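By convention in this document, chain letters (A, B, ...) are assigned in the order of the sequence lines, proteins followed by strands, and residues within each chain are numbered from 1. Treat the numbers as computed from the prediction; the structure is a model and nothing was measured.
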Amino acid sequence: MYWADELASTVDGPQVVNDSKTPSGTVHVGSLRGPVILDVIARALRDRGVPTTLLYGVDDMDPMDAQALLTPDAVEREMGRPLSRVADQVGDCHASYARHHAQIFIDIFDGLGIRPDRYYWMSDIYPSGALDPFIRTALDRAEVVRDLYRRISRVERPAGWLPISVVCHTCGKVGTTLARDWDGATVAFECVPDYVTWASGCGTIGRIAPFGGAAKLPWNLEWAAQWSLFGVTIEPCGKDLATAGGSRDRSDALAREVFDREPPRNLAYEFLNIGGRKMSTSKGRGAAAHEIAEVLPPEQLRLLFLRPRPNQVIEFDPDGTDAVPRVFDEFDRLAGAAAGREVKGELPADADRIFRYALLDPSADVAAEASRYRPAFAHLALLAQIPGVDVAGRVTAEKGTELSVEERRILEERLAAVAGWLDSYAPERARIEIRRDALPAEAAALGEDQRAWLGALARAAEETPPASGDAWQALIFAVAEAAALPAGRAFGALYVAFLGRTNGPRAGWLLASLEADFVVDRLRAAAGWRDRPGGNDGAAGGRDTTEAVG
RNA sequence: GGGCCCGUAGCUCAACGGUAGAGCGGGGGACUCUUAAUCCCUAGGUUCAGAGUUCGAAUCUCUGCGGGCUCACCA
């Protein structure tokens, strides 16, 4: 059974599925695996009739710690302040840095068909007082928390340490404060200059009631408090958190021992690696989510993430490989199978479920979606590179009937992906380029029969210049037949002459897209003729001519 | 050092207890018209190694080897 359906089959009663994210910087592709898994779990639950709420938290009370994303003059002032209170660096009408960056991932999620029932913002939750009871409990049980950090993670907190981060009322930083002396109403705190390396406190000392937004819980406690506050029953998390003695273990224990509640069901998921290496936002292309989105439309991106079991690493290396076309092909195979068509090769065990979950709209008519005409990616990549080809017209002709509105949209979407792929990832062999400058050196390998045929074709084309791709195509076959040259050798010769390779796009269109003079000259050059006796025709052409004659 | 994942045909992966499969690539063939399409044929791989459980293991257990990621300050 498909992993999400399996999970869904084991739950009891209504479910609250939750995840949250700190809106601190660029969203890279790998970080989309969690949200897709979250969404698929929610869909699987609802599919079985389990009442399900999907929540997504924005941890915007977390301190700013990404210096690279601040303007230089803002670093000293903003590092360590809650993200919700850092000014938007872009200045495009967002209330804060956090709102700006959160909007980016909310938009990405939306584009992927991930629509939580509710986004909650910690900068709203804290001031509302909803977390005050949890803050109080955490402070009352500070010793339990300390002991637990020591026991689970071997992290030693200083004596008197309290599990609370006060927002300094002088400098507004939350990442730099150290609290002690909980008297049941207030705590003493100090804004320490060198408490953390990435931000410096202002030295303020004081007392404060840590409620209603005046302070925030440390991360692991905040996590556990969210579970209690929202009644979370399922929360997946990445393997960086799920490691033994790591964050999840800590929060699980805090939930049990401090907030007296069973933690939600966990589902640890592996990462996505690009080219065998871990993803990094800062280095290498292909890391940012929007870059991958240029070559993988939403449904294909969903498929990439939901097809493997969550605990399996996904190796995705789009650079110079057929990784991108493969995702499309896999999607099309699944669609074909779902539509009841004969499909080549073996299908995954849960092909129908996987296809359903890959669709953007959870309530889509699967059969209708599956039956849409989807031109193969590699085929489009080819068509897109031939100048002057009416791609939509070709695709319509291949389908046999008019494209529906939805099919046109799919075509447009794929053409955009093709363009992006050819632009930044496609391997050389997927690119076709007309060798305008000179006859490709590969032409030296042409056989005498091919050369003779090329010459004949040049003569025929000069006598009656073909006016269209179809006309060229017909002429190619006619001349080949007259010369008793097999079609394969004839076409092969053409590709070598113009592209320097033995195969290529439909030759008729290719030739029709070029100027007639150039085509005839090139055919003659490849045939071993001097197209302008005594003329200076370039080194490559001259050399090949010599060899052919000799 | 701890944790997780992986190690199956050249490549990417599927089979997760019952005679090892697919796609792509490669090789061979067909094709007067989608020539990077379509169709047919072809891969004989000690399923990393060893031990164990079982009537039977790529599939479960243990050990080892190799590779990858991750955690150990903060969030």
Where each residue is assigned the nucleotide of RNA chain B containing its nearest heavy atom, which of Arg307(A) and Asp62(A) is assigned the position nearer the 5′ end?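 It is Arg307(A) whose nearest nucleotide is closer to the 5' end.
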
inquiry  = Let me spell it out: for each of Ala244(A) and Lys216(A), pick the nucleotide of RNA chain B with the closest heavy atom. Which residue's pick is nearer the 5' end?
reply    =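 Here Ala244(A) is the residue nearer the 5' end.
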
Between Tyr119(A) and Phe105(A), is the ring centre distance below 6.0 Å?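 Distance test on ring centres: not under 6.0 Å, no.
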
Ring centers of Tyr120(A), Phe230(A) separated by less than 6.0 Å: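 Distance test on ring centres: under 6.0 Å, yes.
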
Could you tell me which nucleotide pairs with [N] by Watson-Crick or G-U wobble geometry, both distances under 3.5 Å, or answer none if nothing does?
N: A37(B); answer: none
N: C31(B); answer: none
N: A43(B); answer: none
N: G1(B); answer: C71(B)

Going by an N to O cut-off under 4.0 Å, is there a salt bridge joining Arg414(A) and Asp332(A)?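 The answer is yes: the pair qualifies as a salt bridge.
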
Under 4.0 Å between any heavy atoms, over every strand shown, what does [X] touch: base, sugar-phosphate, or nothing? Just pick one.
X: Arg157(A); value: sugar-phosphate
X: Val313(A); value: sugar-phosphate
X: Gln312(A); value: sugar-phosphate
X: Thr197(A); value: nothing

Between [atom2] of [N] and [atom1] of [X], the distance in whole Å:
X: Ile314(A); N: U12(B); atom1: CD1; atom2: C1'; value: 14 Å
X: Arg150(A); N: A72(B); atom1: CZ; atom2: C1'; value: 17 Å
X: Ile152(A); N: G2(B); atom1: CD1; atom2: P; value: 18 Å
X: Asp240(A); N: A72(B); atom1: CG; atom2: P; value: 9 Å
X: Asp329(A); N: A22(B); atom1: CG; atom2: C1'; value: 13 Å
X: Arg154(A); N: A72(B); atom1: CZ; atom2: P; value: 12 Å
X: Arg326(A); N: C11(B); atom1: CZ; atom2: P; value: 12 Å

- Report yes if a donor N or O on one partner sits less than 3.5 Å from an acceptor N or O on the other, where the partners are the side chain of Ser247(A) and the base of A75(B); otherwise report no.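 Such a pair is found, so the answer is yes.
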
Atom [atom1], compared across [N] and [M]: separation rounded to whole Å:
N: U46(B); M: A58(B); atom1: P; value: 13 Å
N: U8(B); M: A22(B); atom1: C1'; value: 13 Å
N: C4(B); M: C73(B); atom1: C1'; value: 22 Å
N: C5(B); M: A37(B); atom1: C1'; value: 39 Å

**Asked** Given side chains that start at C-beta, do those of Leu131(A) and Ile125(A) come closer than 4.5 Å, heavy atoms only?
**Response**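 They are in side-chain contact.
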
| Which listed nucleotide (U35(B), G68(B), A75(B)) is nearest to the side chain of Lys239(A)? |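 My answer, after comparing the listed nucleotides, is G68(B).
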
Item checked: Minimum-distance nucleotide (side-chain atoms of Arg309(A) versus A15(B), U35(B), G2(B)) ->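 Out of A15(B), U35(B), G2(B), the nucleotide with an atom closest to Arg309(A)'s side chain is A15(B).
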
- Query: Rounded to the nearest 0.5 Å, how far apart are OH of Tyr2(A) and CZ of Arg307(A)?
  - Reply: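 It comes to 9.5 Å.
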
